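Each remark here refers to the structure printed beneath this line.
From a predicted model like this one, the values you see are computed outputs, not experimental measurements.
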Number of protein chains: 2
Amino acid sequence: MNDDAHGAAIRVERPTKTLRELALDKVREAIINGYFRPGDRLVERDLCAQLGVSRTIVREVLRHLESEGLVANLPNKGPIVAQLNHDEAKQIYEIRAALEGMAARLCAEQNNPAIADALDKSLEDIRHSYREKDMAGVLAHTSSFYQTLFSMVDRHVAWGVVNLLTVRINHLRSMTIKTQDRDVQGPAQMARIVDAIRRGDGDGAYQAAMDHVTSASAIAQAVLTGRQLTD
Amino acid sequence: MNDDAHGAAIRVERPTKTLRELALDKVREAIINGYFRPGDRLVERDLCAQLGVSRTIVREVLRHLESEGLVANLPNKGPIVAQLNHDEAKQIYEIRAALEGMAARLCAEQNNPAIADALDKSLEDIRHSYREKDMAGVLAHTSSFYQTLFSMVDRHVAWGVVNLLTVRINHLRSMTIKTQDRDVQGPAQMARIVDAIRRGDGDGAYQAAMDHVTSASAIAQAVLTGRQLTD
DNA sequence: TGCCATAATATGGCGTACCAAAATCATCCA
DNA sequence: TGGATGATTTTGGTACGCCATATTATGGCA
C-alpha cells in the first residue's frame, strides 16, 4: 500500500487552476455574454489592466481564444472579437446537425434505457427553466442534454468539437430560444429524439436530432437577417 | 475609386507571417513528422534554444498546440506531446466519416461537373504519387482531394474541423497508406465517391465517403493494436 | 548501513521593462 | 487648404528576474 492512500484522503484539493486559465475563462465569458461585442478591439494592455494580470497571460489567452475562433487577429492591427457572419453560423449548425445526429443514432443503437432516462431528466430541467423564464438555465440544460447524448456513448471528442463550435454561436442560441413557441417546439423536438432512442430506432433518432438543429438554424438565420418568424 | 486600387497593385506583399506563426508551424511540423514523439516533454527553455525565439513565443505556441490537441499539459509538470490512444483515434475517424460524408452528399447535389473533374485531378495526383512511392505526396494530395470536396460547396468551417482532427492522427495516416493494397483500394474507394458525385447520387456519395474513412479507420485500429491486416 | 531531512536543481508560472515597426492621430507650415 | 511631418498608440518580439513546486542529490544521524 503506497502512502498516497491516506495522504490523498486529506489532500486539500486546491483548484489547480492557473491564473491563465482563470483569465481565459473570464475573457471567454465576457465575449460570450456580450461584454465585448463582435468587432471590438481587444487591446492587450487594456486587458491587462481590466483583468489585473500581466501581458504574458493576456497574450496567451488571446492566442487560445484565437484558435477557438472567438478572436480574430488582424495583421499589425491586433486582436478583435470575431464577427460571426451569416454563412459561418449556418455551417456551424450544419456540423452540429451531422454530429448530434450521429450521437443520437449511436444512443439508439445501445438499447440502454438508462440513456433515455438521463435525457428525459435534462429535458424536464429545460421545461422547468422555460416555465421560470430562466433563459440561462435553458441554455445550460440544453447543453447538458447534448453532453449526455455524447457522453453516454463515450464520444467526448465529438462533444468537444460541438462544444467548441457552440460557443461561437452562443448569442444566436440565446436569441433562438426566446422566439415564439420555441418553449414548446424545442422540447417537443427533443422529446422525439428521446422517444426514438428509447425505441432503439437509430434512423429516427438521427432524423429527429437533425430536425431539431435544422429548425434552430432556420430561426437563427431569420434572426440574423432581421426578419421575424411569427407565422 | 479608392486609392487602394493602384497602391495594392505594387504592394510588396511581404508574407505577413509573424515569428510566432512561423514557430507554431515549425513545432507542429516537428510533432507531426515525429521529431518530437508522443509523451516527450516539451521544455520551454529548451524549445527557446532550438527555435531561436523567446520564451514568450514558445509559450504562446504551446498554448495554441494545446488547444489543437497536439500538446497536453500535465499540472505541475508542464507540456508534453499528446498521446493518441486507440479510442480517440477511432472517434476522430468517425467524425471525419460524418463530415466527409456530408460534404460528399452536398457535392453530389450540386450537379456541377466541375466538382467531379477537380476531384479526378486530385485522384490522379494520388495515383501518381503511389506509383512514385512518394508517400508524402500521397498524404498531401489526399488532403487536397478532401479540401476540394469541402471547398467546392463552401464548407470551410467543416474543413477546418476535419483538418484540425487530421493532424492528430497524421502518423496513423502515414501508416495506413503504406499497408498492403492500399495503393489500389484507397484510390478505388475515392473513385466511387467521385462517380457518385458525377451521377448526382447524394446517398451514394455519402456512403462511399463513409466507407472510405471507415476502412481507413479499420486499418488504423489494426496498426494500433499491432496486428497486421494481411489477409 | 539505511533512512530521513535538507539542499540544490530544473522547470513552469508570472511579472516587468524595453525596443522596433506599423498604424493612427495631431500639428504645423507653405 | 492640403500635404508633409512628427507624436502617440499599439502590436510583435526579446530579455531578464522572481517565485513556487517537484525532483534529485546530498549529507548527516541513529
Side-chain angles (χ1 to χ4, degrees), chain A residues 1-4 6-8 10-28 31 36 39-67 70-82, chain B residues 1-4 6-8 10-28 31 36 39-67 70-82:
Chain A
M1 197 170 293
N2 57 27
D3 40 27
D4 280 349
H6 82 283
I10 61 160
R11 180 60 155 280
V12 77
E13 202 57 67
R14 150 181 52 178
T16 93
K17 284 229 175 185
T18 106
L19 195 54
R20 167 171 47 84
E21 290 173 288
L22 295 174
L24 175 63
D25 290 343
K26 282 277 187 209
V27 178
R28 191 195 286 114
I31 293 177
F36 294 126
D40 279 4
R41 293 192 60 183
L42 297 171
V43 177
E44 290 182 1
R45 285 168 172 88
D46 290 358
L47 281 179
C48 293
Q50 293 190 49
L51 294 170
V53 298
S54 74
R55 244 186 101 204
T56 311
I57 305 288
V58 169
R59 290 183 56 146
E60 290 175 30
V61 166
L62 288 174
R63 256 15 111 204
H64 196 115
L65 292 172
E66 189 185 344
S67 70
L70 275 180
V71 164
N73 232 324
L74 309 181
N76 293 326
K77 294 274 291 263
I80 63 172
V81 178
Chain B
M1 196 170 294
N2 57 28
D3 40 26
D4 282 348
H6 82 281
I10 62 160
R11 180 61 155 280
V12 76
E13 205 54 72
R14 152 179 51 179
T16 93
K17 284 228 173 185
T18 110
L19 194 53
R20 168 169 44 82
E21 291 173 286
L22 295 174
L24 175 62
D25 290 342
K26 282 276 187 209
V27 178
R28 190 195 285 115
I31 292 177
F36 294 125
D40 279 3
R41 294 191 61 182
L42 297 171
V43 178
E44 292 180 2
R45 288 169 172 88
D46 290 358
L47 282 179
C48 293
Q50 293 189 50
L51 294 170
V53 298
S54 73
R55 245 182 102 197
T56 311
I57 304 287
V58 168
R59 290 182 54 116
E60 288 176 349
V61 166
L62 290 174
R63 255 14 108 203
H64 196 114
L65 293 172
E66 189 185 343
S67 69
L70 275 180
V71 164
N73 231 325
L74 309 181
N76 293 327
K77 292 282 283 274
I80 63 172
V81 178

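Between A:Lys77 and A:Ser54, it is A:Ser54 whose nearest contact on DNA chain C lies nearer the 5' terminus.
When distances are taken from the side chain of B:Arg45 to each of D:dG12, C:dC14, C:dG13, the shortest belongs to C:dG13. Side-chain atoms of A:Ile57 lie closest to C:dG15 of the nucleotides D:dG12, C:dG12, C:dG15.
The distance from atom CG of B:Leu22 to atom P of D:dG12 is 13 Å, rounded to the nearest whole Å. For the pair A:Asn76 CG and C:dT24 P, the interatomic distance rounds to 10 Å; values are reported in whole Å.
Within the 4.0 Å cut-off from OP1 or OP2 of D:dG12, at least one side-chain nitrogen or oxygen of A:Arg63 is found. Taking side-chain N and O atoms only, B:Thr56 has no distance below 4.0 Å to OP1 or OP2 of D:dA15.
B:Leu62 comes within 4.0 angstrom of nothing in the nucleic acid, heavy atoms only. Backbone-only contact: A:Arg41 has heavy atoms under 4.0 Å from sugar-phosphate atoms and none from a base. Counting any heavy atom pair closer than 4.0 Å across all strands shown, A:Arg20 reaches sugar-phosphate atoms only and no base atom.
The base of C:dG13 is paired with the side chain of B:Arg55 by a donor and an acceptor separated by under 3.5 Å.
The main-chain N or O of A:Thr18 is found under 3.5 Å from a side-chain atom of A:Glu21 such that the two form a donor-acceptor pair. No side-chain donor-acceptor contact under 3.5 Å links B:Arg59 to the backbone of A:Thr56.
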